[in-house]
Each structure stands twice: as C-alpha cells, then as structure tokens.
Amino acid sequence: MVGYTGGKRDHATRLRRIEGQVRGLQRMVEDDKYCSDILTQASAATSALKSFSLSLLEEHLAHCVAEATLKGGPEADAQVKEASDAIARLVRS
C-alpha cells in the first residue's frame, strides 16, 4: 500500500482542478487574452501543483519513509535517499 492511498480521492480531485486550470490557460492563449492575466493564472496553476506535490511528499515521508526507517537496513537508506532526491527536485523547480 502506498502512502497516499487514504487520500487518493482527494488527490485525484486536486489534480482534476489543476488540469482545469491548465486548460483555462490554453483557452486564454487561444483567445488572445492579455499576457499579464495569463501569467497570473499560470502562477496560480504552478502554486496549486506545488501544493499538491508537497502534500504527496508529506504523505510519502509519514508512511513509506517512516515505515522503512523502522525496519532499518539498506531499504531505509534507499527510502531516505529517494525522499531527499524528491525534495531536491521540488526545491529546484
């Protein structure tokens, strides 16, 4: 079982909302909307996606990484490394 299983429905809802925001951006470009308005909406979509990512990361740390560290050994080291890499990718984006 993955860490986000309990919140899967909520995650799917958030992703559909983000998808709607991106489609709205496409429509804005197709309709030649003002650049600043498009950038405002792009910023909102970016923030929503980052928020989703942080929520998923939190669940990953609380479930997958915590479980692996309780077991110890190489699996724990691998999970911590994987989480660190994911955090680094989020920070860079």
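The basis for the numbers below is simple: all heavy atoms, side chains too, and nothing from hydrogens, waters or symmetry mates.
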Enquirer: What closest approach, in Å, do Ser55 and His11 show between heavy atoms, and which atom pair accounts for it?
Expert: OG-CE1, 3.6 Å
Enquirer: Please give me the minimum heavy-atom distance between Gln21 and Ala48, naming the atom from each residue.
Expert: OE1-CB, 3.5 Å
Enquirer: Could you state the interatomic distance from CZ (Phe52) to CG (Leu15), rounded to the nearest 0.5 Å?
Expert: 4.0 Å
Enquirer: Under a 4.0 Å N-O cut-off, is there an ion pair linking Asp77 with Lys81?
Expert: no
Enquirer: Indicate every side-chain donor-acceptor pair of residues 29-44 with a distance under 3.5 Å to a residue at least two apart or in another chain.
Expert:
from, atom 1, to, atom 2, distance (Å)
Thr40, OG1, Ser36, O, 3.0

Enquirer: Kindly give the heavy-atom pair with the smallest separation between Ala76 and Ala68, and that separation in Å.
Expert: CB-O, 3.3 Å
Enquirer: When you compare the side chain of Glu59 with that of Cys64, does any pair of heavy atoms fall below 4.5 Å?
Expert: no
Enquirer: Roughly how far, to the nearest 0.5 Å, is the CZ atom of Arg89 from the CG atom of Leu57?
Expert: 10.0 Å
Enquirer: For the hydrophobic clusters of this structure (ILVMFWY residues joined by side-chain heavy atoms under 4.5 Å, transitively), does one cluster hold both Ile87 and Leu56?
Expert: no
Enquirer: Quick check on the hydrophobic clustering: are Leu61 and Val80 connected, directly or via other members, by side-chain heavy-atom contacts under 4.5 Å?
Expert: yes
Enquirer: Is there a side-chain contact between Gln79 and His60, using heavy atoms and a 4.5 Å cut-off?
Expert: yes
